[in-house]
Amino acid sequence: MKLSPKQRAFADNFIKSGNKYQSAINAGYSKSYARSHAEKLSENVGIKAYIAKRLEELKSAAVADQQEVLEFLTRLVRRQEMEQVVVTLKKPVSIPMHDKEGKTYSKFAYEDVDDVVDVKTKNSDALKAADILSKLQGMGDNANNTLTENQSRKASAEADIMEAKAKREANGDGADNVNVNIVMPDSNEEQKDNE
């Protein structure tokens with residue numbers, strides 16, 4: 001159902017204020033019409049549907065999407081975000097004084113003045129953002145898993161070599177060369193498996 005411009009204005013005003021009567025007046029309806037028909041306007045199926053749709057749009061616009069979060073974290077890592085910090089400054093103040101003879105002279109004192117200044121993101125916050133960003137993008141866990149897998153493969157290969165040497169010694173075989181078949185996955189296949 002298509003709404004008239006006044007009905008749409010009523011709905012938009014009602015979303016902001018929650019006041020049916022004032023929303024009708026703000027939409028351009030007369031006071032007498034608003035008094036007698038504001039309730040009917042709010043119960044109109046088309047207006048209710050429009051209000052529900054607008055509330056959903058407003059709700060989703062208030063929540064950051066994934067791209068926005070990634071961009072914010074990137075700005076933190078690059079220390080491009082500014083935050084406000086309150087600092088206390090010592091401001092010199094001249095105080096007029098009088099000596100015994102009635103002469104006026106100035107004495108300087110310092111007064112504490114609070115000021116708000118913009119500062120770049122702290123290094124510790126940038127490091128935290130970098131850690132979160134790397135985890136979100138799969139860099140952190142993936143890198144650690146690859147290292148662990150490689151270390152595990154190396155340990156397994158060394159164990160196979162030691163086992164082969166032990167068998168050779170047990171058999172009394174005097175050969176210096178030991179053939180061990182170690183199957184290493186192709187790096188391209190491994191990369192495909194990770195994707």
Side-chain angles (χ1 to χ4, degrees), residues 1-89 91 112-150 185-195:
M1 175 179 203
K2 190 166 182 168
L3 299 180
S4 71
K6 278 187 179 182
Q7 288 175 323
R8 183 171 279 119
F10 167 79
D12 289 335
N13 279 292
F14 184 65
I15 290 169
K16 292 176 191 172
S17 69
N19 184 321
K20 297 171 189 173
Y21 172 73
Q22 192 60 49
S23 296
I25 292 171
N26 291 348
Y29 293 102
S30 68
K31 288 184 180 183
S32 62
Y33 185 87
R35 215 175 292 116
S36 60
H37 292 87
E39 188 66 36
K40 288 180 186 176
L41 282 171
S42 68
E43 295 299 320
N44 179 300
V45 175
I47 291 175
K48 283 175 104 173
Y50 175 79
I51 289 173
K53 181 182 173 193
R54 286 292 296 141
L55 288 175
E56 189 62 34
E57 289 171 359
L58 293 170
K59 178 182 169 187
S60 64
V63 177
D65 64 1
Q66 184 179 12
Q67 184 66 29
E68 189 177 351
V69 169
L70 293 174
E71 288 172 3
F72 174 71
L73 288 170
T74 301
R75 285 193 310 273
L76 283 176
V77 168
R78 294 178 179 162
R79 299 189 67 212
Q80 295 170 334
E81 279 294 313
M82 302 297 279
E83 57 183 280
Q84 293 186 328
V85 178
V86 176
V87 294
T88 303
L89 304 172
K91 179 182 173 186
D112 288 344
V113 178
D114 290 335
D115 194 14
V116 178
V117 295
D118 289 335
V119 295
K120 288 185 177 183
T121 308
K122 291 187 266 182
N123 285 338
S124 60
D125 291 339
L127 286 171
K128 288 177 192 173
D131 184 45
I132 293 168
L133 190 60
S134 68
K135 286 179 182 175
L136 286 174
Q137 294 180 333
M139 291 186 286
D141 292 340
N142 231 5
N144 289 338
N145 287 343
T146 303
L147 177 63
T148 304
E149 287 172 13
N150 288 340
D186 186 18
S187 61
N188 292 335
E189 289 177 21
E190 182 179 304
Q191 195 172 25
K192 288 177 188 175
D193 290 342
N194 287 338
E195 292 174 356

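Counting from 1, the numbers follow the sequence of the chain as shown.
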How close do [X] and [Y] get, counting heavy atoms only, and between which atoms?
{"X": "Lys6", "Y": "Tyr29", "answer": "CB-OH, 3.5 Å"}
{"X": "Ala27", "Y": "Phe10", "answer": "CB-N, 3.4 Å"}
{"X": "Tyr33", "Y": "Leu41", "answer": "CE2-CD1, 4.3 Å"}
{"X": "Glu83", "Y": "Lys122", "answer": "OE2-N, 4.2 Å"}

So does Glu81 get a backbone contact from the side chain of Thr121, meaning a donor-acceptor N/O pair under 3.5 Å? yes

Backbone N or O of Leu127 within a donor-acceptor pair of the Asp131 side chain at under 3.5 Å? no

What is the distance from atom [atom1] of [X] to atom [atom2] of [Y], rounded to the nearest 0.5 Å?
{"X": "Gln84", "Y": "Asp115", "atom1": "CD", "atom2": "CG", "answer": "10.5 Å"}
{"X": "Asn26", "Y": "Asn13", "atom1": "CG", "atom2": "CG", "answer": "4.5 Å"}
{"X": "Arg35", "Y": "Tyr21", "atom1": "CZ", "atom2": "OH", "answer": "4.5 Å"}

Is there side-chain contact between Ile15 and Leu58, with at least one heavy-atom pair below 4.5 Å?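 A side-chain contact exists here, since the closest heavy-atom pair is under 4.5 Å.
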
Taking the side chain as every heavy atom from C-beta outward, state whether Lys31 and Ile25 have any pair of such atoms under 4.5 Å apart.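 A side-chain contact under 4.5 Å exists here.
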
Can you sort out the partners of Glu71 under salt bridge (charged side-chain N to carboxylate O under 4.0 Å, His left out), two or more places apart, ordered by chain and number?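 With sequence neighbours excluded, Glu71 shows a salt bridge (charged side-chain N to carboxylate O under 4.0 Å, His left out) to no residue whatsoever.
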
Listed partners of Asp118 passing salt bridge (charged side-chain N to carboxylate O under 4.0 Å, His left out), at least two apart: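 Not a single residue meets the salt bridge (charged side-chain N to carboxylate O under 4.0 Å, His left out) criterion with Asp118.
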
Table please: side-chain donor-acceptor pairs of residues 46-56 below 3.5 Å, with sequence neighbours left out.
unit_1	atom_1	unit_2	atom_2	d
Tyr50	OH	Asp12	OD1	2.9
Tyr50	OH	Asp12	OD2	3.4
Arg54	NH1	Glu57	OE1	2.8

